[in-house]
Amino acid sequence: VRKGETIAVAQAISLVEKNGEGKEELLDMLFPYSSEALLLGITGPPGSGKSSIVDRLIALERTRGHRVGVLAVDPSSPFTGGALLGDRVRMQRHAGDPGVFIRSMATRGYLGGVSPATSDAAKICAAAGYDTVIIETIGVGQSEVEVVELADIILLVLVPGAGDEVQIMKAGIMEIGDYLVVNKCDREGAERLKTEIEYVLRLGNAERDAGVLLTSAKTGEGIDELHERISDRVKSMKESGNLDARRAARLKMELRKILHQKLHEMLESHLEIDDRIDAWIDMLVQGKSVPYRLIQSKIEEFKEGVR
Ligand SMILES: Nc1nc2c(ncn2[C@@H]2O[C@H](COP(=O)(O)OP(=O)(O)O)[C@@H](O)[C@H]2O)c(=O)[nH]1
Ligand SMILES: [Mg+2]
């Protein structure tokens, strides 16, 4: 992985995806090398042009000599089953470039959101020397929030003529994204949507410095500017310490997650929950106990056991 060998990177990601043996050791070994890359999140509704924008950003990053890893997170739902393929097709011209790594990650059915292995996969890419790791996720309602927990900078992609006002006003959407990108500006209504978004932004929170940018991944319009704005933003985040702060917040969340998961596993196995839970349910049904009292007594049992 440290040599940046594509096959090793792919295998490492597979290992964390299936939670395989050696996963934790691998991630711990790579951890010291996992903070160099810039993690760029790009989210928005299906079909808004995320993959097409990523394709163009890859090209720009390559001209700067940067190696790029792309994690395209997609719900493996039967309803959007075609999208995974779509991501690959959109970025096809980079497939033979050894400086580009593209990986699709399934979310096992739940619509929107992020596969639990995504942040680990991003770390693996970073440790493999990819300068920029782009994480594409489908934003469905609140699930945009999850990508915020993953990336240094977030782009939220919207398109004209898709029930814009509703899109904009949707709870929380305006807090997501360092940049709001109105893509498909070759189509009618893009300028108007941009104006509307800016209006809502001003109403909501004047201090927020996210910009609204017009792009067309089709014609290439606005993509250079978007790329430049991202670079500038990274620079200023580094200088102000905001990047470190964001990363520290992310690490805090990750540590909590690991702790919770470990405690959970420990408790479940210690109490042999799988074997005993039917008996507990019988007790409740027969009126021999009640839920909170029962669980409290089991936790006491657990505490005795680990003492
Ligand atoms: N007219 C127009 N079509 C675009 C633009 N960007 C993407 N598309 C098209 O929109 C469709 C969905 O694009 P895709 O990048 O797969 O969207 P994603 O689902 O958000 O990743 C494809 O047919 C693209 O060719 C754009 O700026 N203008
Ligand atoms: Mg896509």
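Heavy-atom basis, side chains included; hydrogens, waters and symmetry copies ignored. All residue numbers in this chain count up from 1 along the given sequence. Just so you know, ligand 1 is whichever comes first in the structure, and atom 1 is the first atom listed for that ligand.
The backbone N or O of Ile124 sits nowhere less than 3.5 Å from a side-chain atom of Tyr130 that would complete a donor-acceptor pair.
Between the side chains of Arg103 and Ser14, at least one donor N or O sits under 3.5 Å from an acceptor N or O. With no hydrogens or angles considered, no side-chain donor-acceptor pair links Arg187 and Ser216 at under 3.5 Å. In this model, no donor atom of one side chain and acceptor atom of the other lie less than 3.5 Å apart for Glu221 and Thr215.
By the 3.5 Å distance cut-off applied to N or O atoms, Cys185 is not counted among the residues near ligand 1. For Gly47, a nitrogen or oxygen atom sits less than 3.5 Å from a nitrogen or oxygen atom of ligand 1, counting backbone and side chain alike. By the 3.5 Å distance cut-off applied to N or O atoms, Thr215 is not counted among the residues near ligand 1.
Glu136 has its closest N, O or S atom to the Mg ion (ligand 2) at the position named OE2.
A 6.0 Å sphere centred on CG of Leu263 holds more than 12 heavy atoms belonging to other residues, nucleotides or ligands.
Remark: Arg67 fails to qualify as a cation-pi partner of Phe101 under the 6.0 Å distance and 45° angle criteria applied to the six-membered ring.
The heavy atom nearest to atom 8 (N) of ligand 1, out of those in Arg56, Lys50, Met91, Lys184, is found in Lys184. Comparing Asn183, Val181, Ile53, Val182 by heavy-atom distance to atom 6 (N) of ligand 1, the nearest is Asn183.
Of all atoms in ligand 1, numbered sequentially from 1 with element shown, those under 4.0 Å from a heavy atom of Ala217 are 6 (N), 26 (C), 27 (O).
The pair Glu301-Lys298 meets the salt-bridge criterion, with a side-chain N (NZ, NE, NH1 or NH2) lying under 4.0 Å from an Asp/Glu carboxylate O.
Proximity of Glu136 to ligand 1 is established by a heavy-atom distance of less than 4.0 Å.
The Mg ion (ligand 2) has an N, O or S atom of Ser51 closer than 2.8 Å.
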